[in-house]
Amino acid sequence: MQQKEQGGQRKPDNQNQPPRAENDGRPHEGNRRPEPEQATRDIQQPRENLTSDELRRRLDRGNGEAKIAPPEARHRPQNEVAKRAAEDTSQAKAAAALAAVGGGKVTERKITEQNARRSDQDFRTPIRDGLDNRNRRLSDEELRRDLDRRERELREDEQRADRRDRQLDRRDEELERARERAREDRRDEARDDDDDDNDTLKTVGALLLAGAAGMAVGKLLDGNRQVALNTGDRLVTTLPDGSQQVVRDDNALLYRPGSDVQTETFQDGSTRTTVLRADGSRVVTIRDANANILRRTLVRPDGSQVPLINDTVAQPVRVSTLPAPQPVEYYNRPLQEDELRTALLRESAADRRFTLGQVRDIPEVRSLVAPVNVPQITFDTGSAAMSSDQAEQLSTLGKVIRDAVDQNPNEVFMIEGYTDAVGSTAANLALSDRRAESLALALTEYFQVPPENMVVQGYGEQFLLVPSDGPQRENRRVAVRRITDLLEQSGS
């Protein structure tokens, strides 16, 4: 049975007695209620108040299969993350990288068994709290005191890091001003001020590539975002309305042992990364200054190209005009190969294409394709590592995806992770995202699914299958969604 989440504010596991959701005085996402004027709206279909007991009854009647409304149908009014994705009509801000010209700063590295990320690895910085005594169950009061102490220590560490950041920033600014006064007049200085504004856009991408080093919690980023959590391999940022977004290195899946990686970083903060593999093929990924994928292309050894992602031009999305999503087939049993192939390769009814960012961030867009849950995968408490025994249970899924890519090299699958509503929203978001990555890595490591044909996305506790504030096994899930029909690939 899948174990309980522990994203930072959780009780230890107890196989015989399920823990209660802990209340540290701050509302969790699952506990919050929208204001009357912002009542939850459906995605063009009736609301379904699904309970755990009702889901089990349906699964029993359906021999491990139940038809349910998409969890996204219960999402809140469009938040800032979705609004920005829907309203984005800007041209790609990565002119140098997209033009395939040289002139950027080039870094190279060889991927080995030692520096490649694996599915059995966990976070560089654990997101769960350790317990002082693992041989006994701590009381509520002990847990609260332990949590208060850890939060106080974390705030003190963050304050010290912020002071160091401010000192370094002041020193860098003074040095830069001195250089500018020595070589430029006032008119040139005004242009350099504009360049300095562009430099702020490099913060996320540059520091993420360096392992998010120095990215302190509370740090304000471009786009009026604030760092809510830094696990060492990904960031969770909070937007002004409280909605959160996870930022990771989307190229991490591509860094397989034996590959040579060359990254060219341009003045506008954009990057062009080429992963050259032993068979002579290469994957070229262009990202903007915030590490968002703008274009990804597979170049075969014979020079022929397979376009996979093209986000260079975004068209606005009017959610009200989208087709209503179909009910989701939910399974609590592994699917046979034919069943899985039918469920996973079902085509979308959408009559237009979207950017990867819009698919990831707009629930109504993503719901145009039904997900397929992966019931055989579980994780240890608060962990994103996948054991080899579990990974081997993915053989059918790996074969179906690999066969699909062999038949159509343009296929793209999104691997999704979810949690229940226990714990902090930021920790849940990071945990779910890393678990999705572990599943994708396992599909490559064990079943040779091409990593360029997958993207990962964690949703934390945003889209609960069974609405509940407490620990709920059904909500701790991973899923796969074929998004080929939704993605703009050629740019035409």
- Query: OH of Tyr446 to CD of Gln393: how many Å apart, nearest 0.5 Å?
  - Reply: 11.5 Å
- Message: Treating Thr271 as the side-chain partner and Thr273 as the backbone partner, does any N or O pair qualify as donor plus acceptor under 3.5 Å?
- Response: no
- For the student: nearest non-hydrogen atoms of Ala384 and Asp122, plus distance: N-OD1, 3.0 Å
- ring pair (Phe, Tyr, Trp, His ring centres under 6.0 Å) with Phe463: which residues, sequence neighbours excluded? Tyr459
- Query: In terms of side-chain geometry, is the basic nitrogen of Arg360 or Asp250 positioned less than 4.0 Å from the acidic oxygen of its partner?
  - Reply: yes
- Task: Working to the nearest 0.5 Å, report the span between OG1 of Thr312 and CD of Glu488.
- Result: 8.0 Å
- Message: Within the structure provided, determine whether Leu368 and Asp485 are in side-chain contact (heavy-atom separation under 4.5 Å).
- Response: no
- State plainly whether the residues Arg402 and Asp406 are in salt-bridge range, i.e. N to O under 4.0 Å. yes
- Return yes if some donor-acceptor pair links the side-chain N/O of Thr237 with the main-chain N/O of Val227 below 3.5 Å, else return no. no
- Query: Any chance the side chains of Ser387 and Asp389 put a donor and an acceptor closer than 3.5 Å?
  - Reply: no
- Task: Run the salt-bridge test on Glu452 and Arg277 with the 4.0 Å N-O cut-off and return the result as yes or no.
- Result: yes
- Query: Can Arg341 and Asp403 be counted as an ion pair, charged N to O under 4.0 angstrom?
  - Reply: yes
- How far does CZ of Arg117 sit from CG of Asp233, to the nearest 0.5 angstrom? 4.5 Å
- From the list Asn251, Asn310, Asn453, side chain to side chain donor-acceptor pair (under 3.5 Å) with Arg296 holds only for Asn251
- Would Arg248 and Glu437 pass as an ion pair if we require N to O under 4.0 Å? no
- Message: To check you understand the geometry: which heavy-atom pair defines the closest contact between Ile111 and Ala116, and what is its length?
- Response: CG2-CB, 3.7 Å
- Query: Are side-chain heavy atoms of Asn290 and Arg225 found at a separation under 4.5 Å?
  - Reply: yes
- Task: Provide the closest heavy-atom pair for Leu394 versus Ala442 in the form atom of the first, atom of the second, distance.
- Result: CD1-CB, 4.0 Å
- Message: Can a donor-acceptor pair be found, under 3.5 Å and without considering hydrogens, that links the side chain of Arg346 to the backbone of Ala370?
- Response: no
- Query: What is the minimum heavy-atom distance between Leu464 and Ser468, and which atoms define it?
  - Reply: CD1-O, 3.5 Å
- Message: Can you confirm whether the side chains of Asp279 and Ser281 place a donor and an acceptor under 3.5 Å from each other?
- Response: yes
- Is the count of non-hydrogen atoms from other residues, nucleotides or ligands lying under 6.0 Å from Arg61 atom CZ greater than 12? yes
- Task: Please answer whether the main-chain N or O of Val306 pairs with a side-chain N or O of Asn410 as donor and acceptor at a distance below 3.5 Å.
- Result: no
- Task: May I ask you to say whether Lys83 pairs ionically with Glu80, meaning some side-chain N is under 4.0 Å from a carboxylate O?
- Result: no
- Query: Where the side chain of Arg234 meets the backbone of Ala430, is there a donor-acceptor pair that is under 3.5 Å apart?
  - Reply: no
- Item | From Arg58 atom CZ to Ile68 atom CD1, the distance as rounded to the nearest 0.5 Å | 7.5 Å
- Task: Would you confirm whether Gln244, through its side chain, and Ala426, through its main-chain N or O, come within 3.5 Å as a donor-acceptor pair?
- Result: yes
- Between Ser119 and Ser438, does a side-chain hydrogen bond (donor to acceptor under 3.5 Å, both in side chains) hold up when you go through it step by step? CA-CA 4 Å; Ser119 60; Ser438 293; over 6 Å; no
- Message: So, taking the atom named CD1 in Ile309 and the one named CG in Asn292, what distance separates them when rounded to the nearest 0.5 Å?
- Response: 11.5 Å
- Task: Give a yes or no answer on whether the side chain of Gln358 reaches the backbone of Thr355 with a donor-acceptor pair at less than 3.5 Å.
- Result: yes
- In terms of side-chain heavy atoms, does Glu337 have a donor or acceptor partner in Thr396 at a distance below 3.5 Å? no
- Query: Is the backbone of Pro363 close enough, under 3.5 Å, to the side chain of Ser367 for a donor and an acceptor to pair up by distance?
  - Reply: yes
- Query: Of all residues at least two apart in sequence or in a different chain, which pass the salt bridge (charged side-chain N to carboxylate O under 4.0 Å, His left out) check with Asp361?
  - Reply: none
- Do Asp120 and Arg118 sit within salt-bridge range, that is, some charged N less than 4.0 Å from a carboxylate O? yes
- Item | Sidechain-backbone polar pair: Arg109 side chain, Asn115 backbone, donor-acceptor under 3.5 Å | no
- Item | Closest non-hydrogen atom pair, Thr484 against Arg353 | O-NH1, 3.2 Å
- Query: Is the closest basic N to carboxylate O distance between Arg477 and Glu416 below 4.0 Å?
  - Reply: no
- Looking only at heavy atoms, the pair that brings Ile293 and Arg287 closest together is CA-CG, 3.9 Å
- Answer yes or no: is there a donor N or O on one side and an acceptor on the other, between the side chain of Asn475 and the main chain of Tyr418, under 3.5 Å? no
- Message: Pairing donors with acceptors under 3.5 angstrom, does anything connect the side chains of Glu461 and Thr425?
- Response: no
- Query: Passes salt bridge (charged side-chain N to carboxylate O under 4.0 Å, His left out), Arg56 versus Asp53? Steps please.
  - Reply: CA-CA 5 Å; Arg56 291 192 183 98; Asp53 289 341; 3.6 Å; yes
- Item | Side chains of Thr107 and Thr265 in contact at under 4.5 Å (non-hydrogen atoms) | no
- Message: How long is the straight-line distance from CD of Gln336 back to OG1 of Thr342, given to the nearest 0.5 Å?
- Response: 12.0 Å
